[in-house]
Amino acid sequence: MGKTEVQQDTYLVGLGVSPGIGIGRVCLLNRLSSIAEWTIDEDEIEIEIQRFRHALTEAASQLREVKQNISRQPHLREHIYILDTHLLILEDELLTERTEVLIRQKINAESALDQTLKQLRVMFETIEDEYLRERSSDLDAVGQRLQRILAGVNDATLEQIEEKSLVAAHDLSPADTMQLDKNKVVGFLTDRGGKTSHTAILARSLGIPAVVGLESATVIVDNAMPAIIDGSTGVVILNPSEETFKEYLKRKLAFEYLEKELTSYRDLPAETSDHVEVALRTNLELLSEVPAALNDGAVGIGLYRTEFLYMNRNEPPGEAEQFDTYSKIVQRLAPHPVTIRTLDAGGDKFIADMSLEHEDNPAMGLRAVRFSLREVDLFKTQLRAILRASAMGQVRIMFPMISGVAEIRTCKRILRSVKNELEQEGILFDPQIKVGIMIETPSAVIIASLLAKEVDFFSIGTNDLIQYCLAVDRGNEHVAYLYEPLHPAILRALKQVCDAAHEADIEVGMCGEMAAEPLYVPVLLGLGLNELSMNHACIPRVKRVLRNLTRVEGVELLNQLLQLSTGKEIATYIEREMRRRLPDLFGDFVI
Ligand code: PEP
Ligand code: MG
């Protein structure tokens, strides 16, 4: 079936998951458009089953080969677990036995496999958890691979990619993404995918601009079609006019220029022009982000989200594995501190096989530290691993979602008992390890002065704090307009927490997304935050603004903002002020 003609400047909008602009020609990855279907005779059943089993073996050997290739590339090594997931799917009886049962009902292998995949996909789609639901793309990737083998289609398309290609695929599997040659692929776009899909995670690790979730882009685009993608805004433009092309070329150059220019900030101190230092640290999900974080000038980790270590697997990681990962991170970041947050499971972060029952209101349910305090053995295992890693460098422990003093006291009691155990076993750890909490519940704000007496530091998790303070689900697009970081209630809450921390003479930082917004830097300065922790790519931009302001300016501006009544008024005021004070940074080209 031919494609309909695509008009000049056809805009598609998806989810920008990896920033940057890609300009090139579409390379539509080979996808089987239809599955052959026929009835087989009784005496063909065994032959067909053998054909299916051969496809399974061949797929496994292809995956092992990819695994071997990527294990030679250190920055990708961590993603080998995705290939392991695919290998496990190939062995899964749900897939193999169901397909064979259908073949025994005289259905050919391709069609039997297709029907099995459809049934499994339905099972996946009913899963509420977004993260797990997105894992159905792993199933699709395996299915595609098997279908290609059954149809005798060579998996060579990736090698055929030419320079300046914008790879378009219904769903690019993580295994395929890992093989993309950065010198040839200037971006990719997919019909499927969300922000937490493996493919999105990989795109960011690789620094390839990407737009996902376009729904039906591959039905519209065709091979060699000129196109532009903007991985920051999620915009894809097909058949761009000369004018659009020039405009985006300009934006691409500006983006690249800024990226380059910003690397010059790496070694400059993160301090205001009146010499007030603020530690700019990174939030970390994956070990593979460490080199890029260091390259962007992160002076340590302000939030290590350990829950990612527990995902995509049936069993939680044991002490040895956790110790291995934590100590690697600590050693690579030395001499800077690493704040390891204990497991923040539950809510929207589903962890398999951890007795997390279905909850009607998971955001307010058994998540984070509440879960750890119920599963004490699991909690102790993690604390042992963190403590042991503290012998290798500067480690700090942070407990998530604390809502009262009793909770943190229980955490500290368990920590003490784990320390005693280690001591008795003669295992080294830092006895002075700093203990902190995330401030992300309204109750923690209200009793901040009580909590400050219990810990060495606070880190404000604005992502959750905003959702709980304003009663706005952080993931619900229908109420997104109410999710206002500059809401007067939030500014007041932040001020109350910082004042309580200063009063008790403990450190206070911020690790929610609010810390990464250059426009908010004067507010953060005015609050007197000691540390800002963010996605590493944002560090140079925040540092640039910081170096152009004084702490006094921040305090003055914050005081003015605290007089205003609505989030909109506050946002307008701050934008106007920043444009006036720093026209180079906040003029037309808002960074
Ligand atoms: C937060 O809530 O602001 C935070 C940093 O934690 P997470 O986004 O992991 O919930
Ligand atoms: Mg949180």
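All ligand and atom numbering here is 1-based and tracks the order in the structure. Side chains included, hydrogens not; waters and symmetry mates left out as well; all remaining heavy atoms used. For this chain, numbers begin at 1 and follow the sequence in order.
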| Which ligand 1 atoms, with their elements, are less than 4.0 angstrom from a heavy-atom of Cys511? | 5 (C)

| field | Pick from Leu303, Ile439, Asp464: the one approaching atom 2 (O) of ligand 1 most closely through a non-hydrogen atom | value | Asp464

| task | Please identify each residue that fulfils side chain to side chain donor-acceptor pair (under 3.5 Å) with Asn535, with sequence neighbours left out. | result | none

| message | I'd like to know if the side chain of Thr282 and the backbone of Met534 have a donor-acceptor N/O pair within less than 3.5 Å. | response | yes

Got a list of side-chain donor-acceptor pairs under 3.5 Å for residues 554-565, not counting sequence neighbours?
from: Asn559; atom 1: ND2; to: Val555; atom 2: O; distance (Å): 3.4
from: Gln560; atom 1: OE1; to: Tyr573; atom 2: OH; distance (Å): 3.1
from: Gln563; atom 1: NE2; to: Asn559; atom 2: O; distance (Å): 3.1

| Backbone, side chain, both or neither: what part of Gln467 comes under 4.0 angstrom of ligand 1, heavy atoms only? | neither

| query | Should you measure from each heavy atom of Arg367, which atoms of ligand 1 turn up under 4.0 Å away? | reply | 10 (O)

| query | For atom 9 (O) of ligand 1, which candidate among Glu285, Glu307, Arg305 holds the nearest heavy atom? | reply | Arg305

| field | Salt bridge present between Arg551 and Glu271 (N-O < 4.0 angstrom) | value | no

| field | the Mg ion (ligand 2) to Glu440: nearest N/O/S atom name | value | OE1

| request: Drop me the distance from Ser533's OG to Leu284's CG, to the nearest 0.5 angstrom. | output: 9.0 Å

| field | Residue pair Val211 / Leu15, side-chain heavy-atom distance below 4.5 Å | value | no

| field | Arg341 to ligand 1, any heavy atom closer than 4.0 Å | value | yes

| field | Ligand-residue contact atoms, ligand 1 with Met438, heavy atoms, under 4.0 Å | value | 4 (C), 5 (C), 6 (O)

| task | Name whichever N, O or S atom of Asp464 ends up nearest to the Mg ion (ligand 2). | result | OD2

| task | Using a strict cut-off of 4.0 Å, indicate which atoms of ligand 1 neighbour a heavy atom of Glu440. | result | 1 (C), 2 (O)

| Should Arg547 and Tyr265 count as side-chain neighbours, where that means a heavy-atom distance under 4.5 Å? | yes

